[in-house]
Structure formats: structure tokens, C-alpha cells
Amino acid sequence: AQSVTQPDIHITVSEGASLELRCNYSYGATPYLFWYVQSPGQGLQLLLKYFSGDTLVQGIKGFEAEFKRSQSSFNLRKPSVHWSDAAEYFCAVGAPNDYKLSFGAGTTVTVRA
Amino acid sequence: GAVVSQHPSWVICKSGTSVKIECRSLDFQATTMFWYRQFPKQSLMLMATSNEGSKATYEQGVEKDKFLINHASLTLSTLTVTSAHPEDSSFYICSASSGPSSYNEQFFGPGTRLTVL
């Protein structure tokens, strides 16, 4: 079964600074990988996903993520953070032959002025 | 993206009573719906998966007689917590998908906060 680890529980970043959120997965083959953002009162929103092909994936809101098979990682990055990026971020992994998504515990991002 | 709503957004009930939570896909037909439970500062845990018109598939450790799931139409799924107890207090989230594979994007509802007194 697949699993996900998000090592950072909470990250504080200054507005305008860069952001990187770490995600490590465990799965025997090439997984499907996802990043979601959860804001208070709103459902999880998909930021980006990786199924195959180019390992650098562009998403919405200026986010990107890079799949590194050798490191079993799928880290999320944003070059310049806006105050509206303060939220909870979840990494998830799915298997091509399965319907389930396994979520990490999430990383809370706080943006300071 | 598609819109999924949940009702109610929060509910408080007495121990021993039953609570029904609705999940609706507003602008697409959801052949598959998922129910998750989220504890504070923890991950989303999949409780069950339902396909329209068929019985739900429950994850290991989830009591199907306690958490009744009905997916009667392509736009509505309900989760009923029967004989609720304080340990059932949690944040329940549904998602809807146009297919059963993880390749199909899941669209998430805003969640329902259940507090059992």
C-alpha cells in the first residue's frame, strides 16, 4: 500500500519569499502524485498532479512540483508567496490501478507580512 | 473545477442520536463518492467509497453499521452516523469523482464538523 510523509508540520514564510513544502512517498512503482490546498471553510482544491512524463509539473496559483524518483519525493514550490497562500497543504499519492488516495498529515503555511 | 457541497457545515448532537450528512455534486455526475474523516492536525482518512446504485465499500476498521452510506443518485450521497458518541466527533469530508480510478480527479466538499455531546 502507498503512504505519504510530509516532514514539516508548520512553516512560516515572509510574504514575497520563496516556499518549498516537502513530500516523500512510499510506493513500489510510479505513483500518481497530487498536491491539494485546504483553506478554512473550503474544500480541498487540487493544485497540481503528476501521472507521467515531464517530472516538473506546473499548477495553479503559481505553484510547481518536481517528481524525483530517486528520492521518492514530490516537493511543492512557489517562488514568491502571497498572503493568500496561508493555508493547509496536503500531498497525496494514488496508484494507477486503484481508486484510493493516501494523504500526508499536511503542512500548515503561515505567511507573515 | 466542479463544485461539491456538504450540508450541514456543522452539527451538534446528543450522544445516542443519529446524524445525517449530505454531499452533493452540483455541476457534474459523480459516479463515485468518497467519505473521509479528518482529525485535528492529521491526515484525511478514507472511510468508504460509494458508487451510484451499489453498496458502499468500507475501509478496514470502519463500522458499516455505524456509518451508513447511501449513494442513491449521481449527484447525492449521504453519510448517517448512527447512535453517535463523543468519539465520533470529527470533521467529515466528502469528495466526488466521475470515475473510480485515482486518475479521475476528486472534487472535495467543504466538510462537516460533527460534535457529539
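The shown structure was predicted, so the numbers you read here are calculated from the model rather than taken from an experiment. Residue numbers start from 1 in every chain, and the chains themselves are labelled A, B, ... in the order their sequence lines are given, proteins ahead of strands. Note that these values count all heavy atoms, side chains included, but never hydrogens, waters or copies made by symmetry.
Heavy-atom distances place no part of A/Ala92 under 4.5 Å from chain B, backbone and side chain included. Contact of A/Pro40 with chain B is not made at all, since no heavy-atom distance falls under 4.5 Å. In this structure, chain B has a heavy atom under 4.5 Å from the side chain of A/Gln38, while its backbone stays farther away. Residue B/Ile93 touches chain A through its side chain alone, counting heavy-atom pairs closer than 4.5 Å. Interface remark: B/Thr112 contributes no atoms to any contact with chain A (heavy atom separation under 4.5 Å). Proximity to chain A is absent for every atom of B/Phe39, based on heavy atoms less than 4.5 angstrom apart.
For NZ of B/Lys20, the number of neighbouring non-hydrogen atoms (other residues, nucleotides, ligands) closer than 6.0 Å is 12 at most.
B/Phe108 pairs in a ring pair (Phe, Tyr, Trp, His ring centres under 6.0 Å) with only one of the listed residues (B/Phe91, B/Tyr36, B/Tyr92), which is B/Tyr36. A ring pair (Phe, Tyr, Trp, His ring centres under 6.0 Å) with A/Tyr89 is found for one member of A/Tyr36, A/Trp35, A/Phe63, A/Phe74 and no other, namely A/Phe63.
In this structure, A/Lys49 is not positioned above the aromatic face of A/Phe34 in the sense of NZ or CZ being under 6.0 Å from the six-membered ring centre and within 45° of the axis.
In this structure, the separation between CD on B/Glu52 and CG on B/Leu74 is 4.0 Å, given to the nearest 0.5 Å. The line from CH2 of B/Trp35 to OG of B/Ser50 is 8.5 Å long, rounded to the nearest 0.5 Å.
Using a distance-only test at 3.5 Å, with no hydrogens or angles considered, no donor-acceptor pair links the side chain of B/His7 to the main chain of B/Ser9. Panel note: side chain B/Ser89, backbone B/Val116; a donor-acceptor pair is recorded below 3.5 Å.
Annotation: residues 103-113 of chain A contacts chain B through A/Phe103, A/Gly104, A/Ala105, A/Thr108 [non-hydrogen atoms, separation under 4.5 Å].
When B/Gln38, B/Met45, B/Gln6, B/Arg113 are compared by the number of non-hydrogen pairs under 4.5 Å with chain A, B/Gln38 comes out ahead. Note: A/Leu46 leads A/Leu46, A/Val93, A/Ile9, A/Val4 in heavy-atom pairs under 4.5 Å with chain B.
Note on B/Leu68: it does not cluster hydrophobically with B/Met47, by side-chain heavy-atom contacts below 4.5 Å among ILVMFWY residues.
No donor-acceptor contact under 3.5 angstrom links the side chains of A/Arg77 and A/Ser18, judged on distance only.
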